[in-house]
Amino acid sequence: MACASFAKLNAASSQWIGGQQSFSQRNRSSTARVSVPIRAKAYTDELVQTAKSIASPGRGILAIDESNATCGKRLASIGLDNTEANRQAYRQLLLTTPGLGEYISGAILFEETLYQSTTDGKKFVDCLRDEKIVPGIKVDKGLVPLPGSNNESWCQGLDGLASRSAEYYKQGARFAKWRTVVSIPCGPSALAVKEAAWGLARYAAISQDNGLVPIVEPEILLDGEHPIERTLEVAEKVWSEVFYYLAENNVVFEGILLKPSMVTPGAEHKQKASPETIAKFTLTMLKRRVPPAVPGIMFLSGGQSEAEATLNLNAMNQSPNPWHVSFSYARALQNTVLKTWQGHPENIEAAQKSLLVRAKANSLAQLGKYSAEGESEEARKGMFVKGYTY
Ligand code: 13P
């Protein structure tokens, strides 16, 4: 059985991207090989194209894939009940912002939102397509305690993932997200890191098999008193394991996107680091661990203030990188929007404008051209929450 599936895998890997000849045919017929083989699956060309279009200059991802419970916390912060109608109203505000596609290339949705429409009956996925924004879907099933570890967690969701992914594709999703976490104050234990990396790799392979570009997100939580050097050490370990298992699972690197945390000191460390220092440590880590075949690095904001997240991204784009270096922020794109909206229909336009302000600032940061001059007080407020769950 194992041997049969291995033979099948070998047969699949011997195709060429966009090519008509098999690997063995090519070997027999020619001495000079110019094409570079990558593992070909039914969706390979499309995955590569999708990843490239998300990682396009001056654009990044709007993450609005909060579970219903987390969305409820967002709504509670402005005094709204966690009802389906309120979640829809909030997502409608975000997804129908005119001109959003200039700065946003992809939007990560929660399952409920993927199947929802505006109050006028237009599917949210169609609103996105009209703005040339690729719809994405959170596919993990959240974190639970990891027995045998040091109070750490692991991420559920592999059971039934292939059939769910196929359904999401039919509904219009073209990329996926799986967020697992690693905690520095809890260790991290070798077990937790291995489990996180293996889960991400299995999810990535299953997503690619079903036409979804996987966003690979091992979030190294900001919690802790440790210095930036310790974050660097842990991030290097985590990403080396992630890439080891991605390769073991024959994931096509050209058809994935990464969503790392920036390398910063722990949130409770005595000294803050400048954007230049964060950029230096983060890029050092990524250059040591991430092959240039990967098209895009789309950072999470992790509790940084809106302005901080933008400044750090800008600092990372002051010189050319081997990959597109951009954003996939949730909190750092939504904070001011929520505060501006307050659940009142008459504030929708102003709230959409504030989303455009943040999206444009991050677009400029992706191009390395952002200046924080004139940023509001609200945008400078940190959003770190100890033990944050998403
Ligand atoms: P934040 O930018 O709020 O850290 O979001 C993390 C995330 O995984 C969203 O998809």
Side-chain angles (χ1 to χ4, degrees), residues 54 60-74 77 90-91 94-95 104-114 133-143 153 155 157 173 175-183 196 199-200 203 207 212-223 231 235 238 242 257-264 267 278 282 296-313 316 325-339 355 358-359 361-362 365-366 379 381-390:
I54 295 173
I61 296 175
L62 169 66
I64 56 162
D65 58 310
E66 295 85 358
S67 61
N68 287 351
T70 307
C71 189
K73 287 184 207 158
R74 300 248 195 282
S77 75
Y90 180 48
R91 266 75 183 248
L94 296 165
L95 298 176
I104 299 294
S105 53
I108 319 176
L109 312 177
F110 190 59
E111 194 179 50
E112 177 181 277
T113 320
L114 182 70
I133 298 173
V134 183
I137 174 79
K138 170 192 171 78
V139 298
D140 68 73
K141 293 281 182 188
L143 300 163
S153 44
C155 184
F175 73 102
K177 169 199 136 162
W178 174 286
R179 171 184 179 262
T180 191
V181 301
V182 172
S183 159
L200 282 165
Y203 136 80
S207 297
L212 304 179
V213 168
I215 293 195
V216 178
E217 180 180 3
E219 175 169 353
I220 296 168
L221 297 168
L222 267 182
D223 301 60
T231 313
V238 169
V242 169
L257 294 167
L258 308 186
K259 183 155 169 166
S261 331
M262 295 178 192
V263 177
T264 66
I278 290 171
T282 307
I297 311 263
M298 323 296 287
F299 285 104
L300 58 90
S301 59
Q304 301 176 33
S305 75
E306 290 177 329
E308 246 176 335
T310 312
L311 276 169
N312 292 341
L313 179 64
M316 280 188 257
V325 172
S326 191
F327 59 94
S328 174
Y329 297 155
R331 282 167 280 178
L333 279 170
Q334 293 182 43
N335 185 42
T336 310
V337 181
L338 259 177
K339 300 261 160 65
L355 176 61
R358 284 270 44 92
N362 286 301
Q366 197 292 309
K381 278 190 195 150
M383 285 170 280
F384 171 69
V385 175
K386 216 172 166 170
Y388 181 76
T389 52
Y390 199 74

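Order of appearance sets the numbers: ligands from 1, and atoms from 1 within every ligand. Numbers here are sequence positions counted from 1.
Checking Glu217 against Thr180 by side-chain atom types alone, no donor-acceptor pair falls below 3.5 Å.
Atom numbering of ligand 1 starts at 1 in the shown order; those under 4.0 Å from a heavy atom of Arg331 are 1 (P), 2 (O), 3 (O), 4 (O). The contact set between ligand 1 and Tyr329, taken as ligand atoms under 4.0 Å from a residue heavy atom, comprises 2 (O).
Scanning for salt bridge (Lys or Arg N to Asp or Glu O under 4.0 Å) contacts around Lys141 gives an empty result, with sequence neighbours left out. For Ser105, the side-chain contact (heavy atoms from CB on, under 4.5 Å) partners at least two apart in sequence or on another chain are Ile54, Ser56, Arg59.
Residues Met262 and Gln304 have side chains in contact (heavy-atom distance under 4.5 Å, counting atoms from C-beta outward). Contact of the Gln334 side chain with the Lys339 side chain is not registered, since no non-hydrogen atoms from C-beta on lie closer than 4.5 Å. Using a 4.5 Å cut-off on side-chain heavy atoms (C-beta onward), Thr113 and Ile137 make no contact.
Of all the heavy atoms of Arg179, the ones lying under 4.0 Å from any atom of ligand 1 belong exclusively to the side chain. Contacts between Lys259 and ligand 1, counted as non-hydrogen atom pairs separated by less than 4.0 Å, involve the side chain only. At a 4.0 Å heavy-atom cut-off, ligand 1 touches Ala63 through the side chain alone.
In terms of N/O distances under 3.5 Å, ligand 1 is not approached by Ala332. Some N or O of Ser301 is nearer than 3.5 Å to an N or O of ligand 1, by distance alone.
Contact annotation: Gly302 has at least one heavy atom less than 4.0 Å from an atom of ligand 1.
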